[in-house]
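To keep things clear, I will list the structure first and then write my remarks on it.
Everything numeric here is computed off the predicted structure, so don't read it as measured data. When a residue number appears, it is its place in the shown sequence, counting from 1.
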Amino acid sequence: MKKGIFTVFAMSAITIATLGFMPPSTENTPPGNTGSPADGKDCSSCHRGKVKSIDNIITSNGGNEYEAGKTYTITLNLKGDKQSKKYGFQVSPQNEKGKQLGKFVVTNAKETKLAGNGKYINQTAAGTVGSNGVKSWNFEWVAPAKGSGDATIYGSFYVSGSQSIVYTSKLVLKEKK
């Protein structure tokens with residue numbers, strides 16, 4: 001009887017310890033981890049790694065401007081090293097108070113999905129695999145109504161490789177007058 005209880009206890013402890021060291025599920029990324037001032041969190045809330053702020057991860061085919069109601073292609077380009085195995089992200093178009101500006105449209109449902117009632121977009125499990133130390137994602141952003149002011153696409157990104165790194169980046173889009 002004692003041996004049986006010990007075996008159950010030992011197996012439970014091993015299972016808990018193993019799950020505690022597994023990376024969080026990439027399929028259930030919680031919303032609100034973009035690194036924006038309103039969200040207050042980035043990918044380091046779920047992933048371990050050094051946090052660095054970097055420019056030019058997020059780009060738009062419209063440059064740094066937008067016209068109300070127009071649709072733009074947003075591209076995310078994330079670089080790791082040759083040992084990088086997994087990549088992830090979450091981005092959101094917000095004003096300085098955290099209000100959603102415009103909306104995202106998924107163009108590759110295999111690799112990206114909406115979260116938080118559409119305020120966020122992030123990778124799916126299938127969208128975490130890169131090649132030669134690089135991973136890119138594309139989706140569309142429909143600009144907000146006229147008079148909405150500047151929109152900032154805030155993003156947080158995770159690269160797992162020889163080092164785990166969390167990046168934050170943003171793209172400020174000025175409303176064309």
Report task. With the side chain counted from C-beta on, respond yes when Tyr87 and Trp137 share a heavy-atom pair under 4.5 Å apart, and no when they do not. Result -> yes
Query raised in the report: With distance as the sole test, does Gln90 use its side chain to make a donor-acceptor pair with the main-chain N or O of Asn122 at under 3.5 Å?
Result: no
Would you mind writing out the side-chain donor-acceptor pairs for residues 69-77 within the sub-3.5 Å range, not counting sequence neighbours?
| from | atom 1 | to | atom 2 | distance (Å) |
| --- | --- | --- | --- | --- |
| Tyr72 | OH | Glu67 | N | 2.7 |
| Thr75 | OG1 | Asn138 | OD1 | 2.6 |
| Asn77 | OD1 | Ser136 | OG | 2.5 |

Query raised in the report: Is there a side-chain contact between Phe157 and Thr168, using heavy atoms and a 4.5 Å cut-off?
Result: no
Report task. Answer yes if Leu173 and Ile57 sit in the same cluster of Ile, Leu, Val, Met, Phe, Trp and Tyr residues linked by side chain heavy atoms under 4.5 Å apart, and no otherwise. Result -> yes
Query raised in the report: How many angstroms lie between CD in Gln94 and CD in Gln100, if you round to the nearest 0.5 Å?
Result: 8.5 Å
Query raised in the report: Which residues satisfy the side-chain contact (heavy atoms from CB on, under 4.5 Å) test with Leu114, sequence neighbours excluded?
Result: Phe104, Val106, Ile121
Query raised in the report: Which pairs pass salt bridge (Lys or Arg N to Asp or Glu O under 4.0 Å) with one or both residues in residues 135-153, sequence neighbours excluded?
Result: Glu111-Lys135, Asp150-Lys174
Query - salt bridge (Lys or Arg N to Asp or Glu O under 4.0 Å) against Glu96, all qualifying residues, sequence neighbours excluded - result: none
Query - For Lys170, all residues meeting side-chain contact (heavy atoms from CB on, under 4.5 Å), sequence neighbours excluded - result: Thr152, Tyr154
Query raised in the report: Residues sharing Val142's hydrophobic cluster, by side-chain heavy-atom contacts under 4.5 Å among ILVMFWY, directly or via others?
Result: Val105
Query raised in the report: Taking C-beta and beyond as the side chain, do Trp141 and Pro93 meet within less than 4.5 Å on heavy atoms?
Result: yes
Requested in this report: Output all residues satisfying side-chain contact (heavy atoms from CB on, under 4.5 Å) with Lys110, sequence neighbours left out; order by chain, then residue number.
Outcome: Asn108, Ala126
Report summary line: Residues Val159 and Gly80: closest non-hydrogen pair is CG1-CA, 3.8 Å
**Report entry** side chain to side chain donor-acceptor pair (under 3.5 Å) pairs, two or more places apart, involving residues 54-65
**Finding:** none
Requested in this report: Please collect all salt bridge (Lys or Arg N to Asp or Glu O under 4.0 Å) contacts where either partner lies in residues 116-125, sequence neighbours excluded, each pair once.
Outcome: none
Query raised in the report: Tyr158 and Ser164: side-chain donor and acceptor closer than 3.5 Å?
Result: yes
Requested in this report: Only pairs at least two apart or in different chains count here, so list each ring-ring contact (aromatic ring centres under 6.0 Å, His included) that has a residue in residues 105-134.
Outcome: none
Report task. Specify the closest pair of heavy atoms between Val166 and Ser156, including all atoms of both residues, with the distance to one decimal. Result -> CG1-OG, 3.8 Å
Report summary line: Smallest heavy-atom separation, Ile153 atom then Val91 atom, equals CG2-CB, 4.1 Å
Requested in this report: Check side-chain hydrogen bond (donor to acceptor under 3.5 Å, both in side chains) between Ser84 and all other residues, then give those that pass, not counting sequence neighbours.
Outcome: Asp81
Query - Minimum side-chain heavy-atom gap Ser148-Tyr66 below 4.5 Å - result: yes
Report summary line: What one should report as the nearest heavy-atom pair of Ala145 and Ala68 is C-CB, 3.7 Å
Query raised in the report: Val129 and Leu78: same hydrophobic cluster, using ILVMFWY side-chain contacts below 4.5 Å?
Result: no
